[in-house]
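Computed from a predicted model, the values in this text were never measured in an experiment. The basis for the numbers below is simple: all heavy atoms, side chains too, and nothing from hydrogens, waters or symmetry mates. In what follows, chains are A, B, ... by sequence order, proteins preceding strands, each numbered from 1.
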Amino acid sequence: MSWDFTGGRGGAGGGRARLPSYVPPHLRNAPVANPYNAAYGYSPYSAVYNAPGYGQYGGGGYVLGGQQDFAPRGRGRRGRGGQRRNEYESSSSPSFADAIAEKFDELEVLGEEEAAGGGGGGINFEAYDDIPVKATGSEVPPPVERFDEIDLGEGLMQNIRRCKYSKPTPVQKHAIPIAVAGRDLMACAQTGSGKTAAFCFPIISTILKNGLNSGPGGTRTVAQPSALILSPTRELSCQIHEEAKKFAFKTGVRIVVAYGGASIQQQLYNLEKGVDILVATPGRLADMIDRGRVSLKMIKHLALDEADRMLDMGFEPQIRKIVQQMGMPPPGQRQTMLFSATFPDEIQRLASDFLKDYIFLSVGRVGSSTGLISQKIELVQDMDKRSHIMKLLHGQKANGKRDLTLVFTETKKGADALEYYLSMSGLPAIAIHGDKVQMERERALRSFKAGVTPILVATDVASRGLDIPNVSHVINFDLPKDIDDYVHRIGRTGRAGKSGLATAFFSDQNMSLAKPLVELMKESNQEVPPWLNEYAKNSSNIYSGGGRYRRYGGGGGGGSRHGGYDDYRNDYSGGGYGGYGGASYGGYDSGSYYGDNGYGGYAAPPAWSGLGGGGGGGYELGTEAVVASGWDM
DNA sequence: CTCCGAT
């Protein structure tokens with residue numbers, strides 16, 4: 001029984017006494033309210049410590065680099081587990097289909113340059129061939145080379161053709177078989193690499209096979225989606241929704257989006273018409289669950305996009321509540337898929353609470369080895385930033401309208417101030433940040449995409465996941481504190497196989513970033529300014545603090561480690577986790593390469609860390625150089 | 001004093 005919305009407290013939940021009871025809207029002002037912020041204080045590590053041993057892992061795993069040929073023994077041994085051949089029909093209500101049909105036509109026109117799906121025109125597939133891929137975990141299903149190697153269902157296959165996705169992108173080749181097999185997945189891959197389709201295809205396919213939700217039931221409907229996709233920003237939820245609708249076109253699978261800042265009435269109305277897949281931001285979803293309008297008890301698939309963001313300090317408690325305390329079936333009874341471009345160990349550890357016997361997949365960024373994004377770091381003090389950006393922008397003013405420049409600032413205020421300054425100086429700029437109402441946010445994004453205001457000044461609200469074609473230049477007016485945020489930001493350019501430029505203003509305030517920045521740049525074959533190298537050397541010990549989730553092993557020269565994150569279950573180099581590691585890994589790596597070493601405080605030589613994919617039975621192809629070349633750049 | 005996410 002899931003969460004009891006109507007009944008008395010206690011009782012029904014059986015052992016779930018801690019669940020907040022439903023409070024009707026008219027009583028919400030009582031001090032009782034907001035069960036979300038307090039009351040469920042959570043100690044992030046407790047659950048991890050108590051986790052059962054990972055005895056089941058260590059069976060499989062592979063590392064691919066360079067060519068796509070696959071180790072024969074891996075393929076033979078595992079076969080094609082998990083593929084079902086059930087017949088099914090896609091039913092669709094005509095009115096719904098018609099409504100979507102219109103939308104589809106629109107999207108088809110707009111979507112011609114979309115990077116996300118992969119196969120579309122203009123994508124440089126050559127660049128896909130030397131992408132490093134690594135999968136670890138037990139019994140990893142082998143990748144496919146073509147969509148039709150997997151029985152995704154006729155309706156979905158048609159849509160894949162409609163979208164002109166001729167061939168899966170690397171993340172799709174690997175993630176789709178894993179997901180279709182019903183396995184849990186933690187995937188490290190940048191948006192723009194086809195991530196959305198990678199989790200949408202298996203979800204839609206499985207829903208079609210298992211039967212659609214019966215539409216609106218009685219008069220009072222509680223929406224019971226069978227899949228939930230969570231994302232950290234409203235705009236990203238919209239983007240996922242738009243894309244998912246294309247994939248579900250005329251299949252009868254209903255997809256609804258829910259996010260804050262927009263009328264909840266319309267969203268509830270959409271839910272009442274029936275929903276199979278709900279795409280949502282956390283706050284609005286919790287609100288709807290609170291109101292008793294959405295129930296998670298039928299969830300079979302859970303996907304977290306930009307998962308590292310969703311699990312960082314600000315978000316993690318909310319996510320944990322939604323996933324663990326609001327009636328969703330536990331791991332093992334649902335499929336959970338986490339996607340992000342960056343996956344620090346700490347986040348992996350938190351995330352493992354949500355997963356069962358999962359596969360860790362790490363896929364390089366398209367063009368990572370060719371350095372599609374050229375990074376320039378300039379030493380500019382805060383007081384000189386404005387005049388400096390003026391020089392830069394005037395220098396590129398001659399560019400055509402479709403060349404867009406995305407400028408990141410640290411604060412919302414800073415974004416507004418810079419927008420004002422640029423506008424006053426005759427440059428067509430517009431700002432986007434979380435203090436603007438949703439309409440303004442959307443207007444800014446549209447205006448930018450259309451080239452009406454080809455300069456967008458943004459906070460980190462725009463740093464992740466958004467797929468904006470033709471961003472040729474990303475300027476870090478203020479550098480972020482965390483190197484991962486930098487990675488996400490510059491990833492807004494260089495998409496769809498196009499080249500991009502990322503310029504950063506490095507000031508005295510950014511010393512703590514010097515070292516990780518230099519490491520990142522070296523791994524992506526960028527030229528590091530000598531002064532920055534000096535800062536990095538001098539600051540390595542002084543400024544060891546900094547990012548929210550710094551990676552450990554800082555001394556190790558990190559060669560193969562940064563950019564592409566490794567499965568933390570395989571990482572024995574983190575001396576910092578001495579006390580923790582030993583117990584909970586338990587039988588995890590019987591037969592591992594490092595087998596007999598106690599890991600408490602054991603430090604592997606730098607050259608080892610990051611390789612050795614997957615405990616026992618892991619195997620690797622390709623050269624170290626490729627593996628080390630920096631995923632997601 | 002970040003940022004984001006509900007009313």
Original post:
A:G314 near the nucleic acid: base, sugar-phosphate alone, or nothing, with a heavy-atom cut-off under 4.0 Å?
Top reply: base
Does a nitrogen or oxygen in the side chain of [X] sit under 4.0 Å from OP1 or OP2 of [N]?
{"X": "A:T281", "N": "B:dA6", "answer": "yes"}
{"X": "A:R441", "N": "B:dG5", "answer": "yes"}
{"X": "A:K413", "N": "B:dT2", "answer": "no"}
{"X": "A:T459", "N": "B:dT2", "answer": "no"}

Subject >> Among B:dC3, B:dT2, B:dA6, the nucleotide that comes nearest once only the side chain of A:R234 is considered >> reply: B:dA6
Subject >> Closest nucleotide among B:dG5, B:dC3, B:dA6 to the A:K412 side chain >> reply: B:dC3
Spacing between [X] atom [atom1] and [N] atom [atom2], to the nearest angstrom:
{"X": "A:E316", "N": "B:dC3", "atom1": "CD", "atom2": "P", "result": "21 Å"}
{"X": "A:D460", "N": "B:dG5", "atom1": "CG", "atom2": "P", "result": "12 Å"}
{"X": "A:M288", "N": "B:dG5", "atom1": "CE", "atom2": "P", "result": "16 Å"}
{"X": "A:D308", "N": "B:dC4", "atom1": "CG", "atom2": "C1'", "result": "13 Å"}
{"X": "A:F315", "N": "B:dT2", "atom1": "CZ", "atom2": "C1'", "result": "13 Å"}
{"X": "A:H433", "N": "B:dC3", "atom1": "NE2", "atom2": "C1'", "result": "12 Å"}
{"X": "A:I319", "N": "B:dA6", "atom1": "CD1", "atom2": "P", "result": "10 Å"}
{"X": "A:K436", "N": "B:dC3", "atom1": "NZ", "atom2": "P", "result": "15 Å"}

Original post:
What heavy-atom pair brings A:R284 and A:Y259 nearest, and what distance separates the two atoms?
Top reply: NH1-O, 3.2 Å
Original post:
Which atom names give the shortest non-hydrogen contact between A:V279 and A:S237, and what distance separates them?
Top reply: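 Smallest interatomic distance, heavy atoms only, reads CG1-O, 3.5 Å.
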Subject >> Derivation and outcome, side-chain contact (heavy atoms from CB on, under 4.5 Å), residues A:F477 and A:R386 >> reply: CA-CA 9 Å; A:F477 187 83; A:R386 285 188 173 182; 4.3 Å; yes
Subject >> Heavy atoms from other residues, nucleotides or ligands near CZ of A:R443 exceed 12 (cutoff 6.0 Å) >> reply: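 No, because the 6.0 Å sphere around CZ of A:R443 holds 12 heavy atoms or fewer from other groups.
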**OP:** Let me know which of A:D308, A:D305, A:L361 forms a side-chain contact (heavy atoms from CB on, under 4.5 Å) with A:F339.
**Re:**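 The side-chain contact (heavy atoms from CB on, under 4.5 Å) with A:F339 is passed solely by A:D305 among A:D308, A:D305, A:L361.
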